[in-house]
Amino acid sequence: PINTWAPSFPLFWVNQRRSPPDAALCAVASNNTFKILCNPRIPIKSKITIIRIYLLTKGVFQFSTWPTLNASHLRRFHSTILYMYRKATNNCFQVTDPNGDMFSDADIVSQFSLVSPSAMLRQARLQLLCRILDKSPAAIVNLIHASYENKSGWMHAINSDLTVVSPRFV
């Protein structure tokens, strides 16, 4: 069996034992870039910009092609990105003061005007769909049509994304 993304057909994950974010999240977690996030002399706004650039260029490369993630992988994706946000904003779950404030993930996203990981993933998929529909390459459209009924495929993820964005679409 193939244990990696099929380069010719990135819209389809070919092995169900591993999921697409595994490699990306391992790269995110092992990167030395996060030494920068711990530097107190760098402003929070700059750290957040670094995270956004890193995620869009390297950290979650081609995540617009990921199919529906199971709960475990979605949680891992979410927690890895929120870990970076927490490092950058110096808001961690480790509370040294018993009366100290703890910020939830939603608080961090809201307070610093960040994009939640699931919204990032949803936006990337929908943007890819728009590009595919705009160019309409016959081979890709036929491939998508042939795999439409696959419940763990990319089109199922698109249907789910459209339902979240506007229930009237689906």
Side-chain angles (χ1 to χ4, degrees), residues 1-31 33-34 48 50-88 93 104-110 112-170:
I2 299 172
N3 290 321
T4 59
W5 282 93
S8 306
F9 306 103
L11 298 177
F12 303 94
W13 183 241
V14 293
N15 180 351
Q16 296 300 322
R17 288 180 294 180
R18 278 189 64 160
S19 79
D22 283 347
L25 294 176
C26 290
V28 167
S30 67
N31 195 322
T33 303
F34 298 104
I48 291 172
I50 290 168
I51 291 171
R52 286 180 178 155
I53 291 169
Y54 178 77
L55 288 174
L56 294 176
T57 60
K58 185 178 179 183
V60 288
F61 179 69
Q62 288 189 342
F63 74 134
S64 61
T65 63
W66 292 356
T68 303
L69 300 180
N70 65 30
S72 171
H73 289 118
L74 188 59
R75 191 170 39 254
R76 184 172 178 201
F77 177 66
H78 179 85
S79 64
T80 302
I81 293 175
L82 261 295
Y83 171 76
M84 292 186 292
Y85 287 161
R86 286 180 178 281
K87 280 290 195 188
F93 277 129
S104 70
D105 291 347
D107 292 336
I108 299 281
V109 168
S110 176
F112 296 99
S113 301
L114 303 170
V115 178
S116 74
S118 57
M120 242 190 289
L121 181 56
R122 189 176 304 114
Q123 179 184 12
R125 279 194 202 120
L126 293 174
Q127 285 175 339
L128 179 60
L129 176 66
C130 290
R131 289 193 305 270
I132 289 171
L133 294 175
D134 183 44
K135 297 184 187 261
S136 296
I140 300 292
V141 171
N142 290 338
L143 191 59
I144 289 171
H145 181 68
S147 67
Y148 185 77
E149 297 299 322
N150 181 359
K151 296 295 182 201
S152 63
W154 186 76
M155 272 311 293
H156 184 70
I158 288 291
N159 281 337
S160 169
D161 295 340
L162 288 172
T163 302
V164 170
V165 172
S166 176
R168 296 178 301 176
F169 285 146
V170 181

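One is the number of the first residue; the rest follow in order along the sequence.
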Please answer whether the main-chain N or O of [Y] pairs with a side-chain N or O of [X] as donor and acceptor at a distance below 3.5 Å.
{"X": "Trp154", "Y": "Ile144", "value": "no"}
{"X": "Ser110", "Y": "Asp107", "value": "no"}
{"X": "Tyr85", "Y": "Ser116", "value": "no"}

For [X] and [Y], which heavy atoms make the closest approach, and how far apart are they?
{"X": "Asp105", "Y": "Arg86", "value": "OD1-NH2, 2.9 Å"}
{"X": "Gly153", "Y": "Pro67", "value": "C-CB, 3.7 Å"}
{"X": "Phe77", "Y": "Pro117", "value": "CE2-O, 3.4 Å"}
{"X": "Ile51", "Y": "Met84", "value": "CD1-O, 3.3 Å"}
{"X": "Phe63", "Y": "Leu121", "value": "O-CD1, 3.3 Å"}

Quick one: pull up [atom1] in [X] and [atom2] in [Y] and give me the separation to the nearest 0.5 Å.
{"X": "Ile140", "Y": "Ile132", "atom1": "CD1", "atom2": "CD1", "result": "6.5 Å"}
{"X": "Arg125", "Y": "Asn159", "atom1": "CZ", "atom2": "CG", "result": "11.0 Å"}
{"X": "Gln62", "Y": "Leu128", "atom1": "CD", "atom2": "CG", "result": "9.5 Å"}
{"X": "Thr68", "Y": "Lys151", "atom1": "OG1", "atom2": "NZ", "result": "10.0 Å"}

Checklist entry - When you look at Asn142 and His145, which way does the side-chain hydrogen bond (donor to acceptor under 3.5 Å, both in side chains) test go after all the steps? => result CA-CA 5 Å; Asn142 290 338; His145 181 68; over 6 Å; no
Checklist entry - Hey, mind stepping through Leu126 and Ile158 against side-chain contact (heavy atoms from CB on, under 4.5 Å) and telling me if it holds? => result CA-CA 7 Å; Leu126 293 174; Ile158 288 291; 4.2 Å; yes
For [X], what residues pass the side-chain contact (heavy atoms from CB on, under 4.5 Å) criterion, not counting sequence neighbours?
{"X": "Phe112", "value": "Ile44, Ile48, Thr89, Asn91, Ile108, Leu114"}
{"X": "Gln123", "value": "Gln127"}
{"X": "Ser113", "value": "none"}

Checklist entry - Could you walk me through whether Met120 and Ile81 pass the side-chain contact (heavy atoms from CB on, under 4.5 Å) check? => result CA-CA 11 Å; Met120 242 190 289; Ile81 293 175; 4.0 Å; yes
Checklist entry - Using a distance-only test with no angle check, is there a side-chain donor-acceptor pair under 3.5 angstrom linking Asn150 and His156? => result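 Not at all, the side chains of Asn150 and His156 share no donor-acceptor pair under 3.5 Å.
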Item to check | Test item: side-chain donor near acceptor, Thr163 and Asp161, under 3.5 Å | outcome: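 Per modelled atom types, Thr163 and Asp161 side chains form no pair under 3.5 Å.
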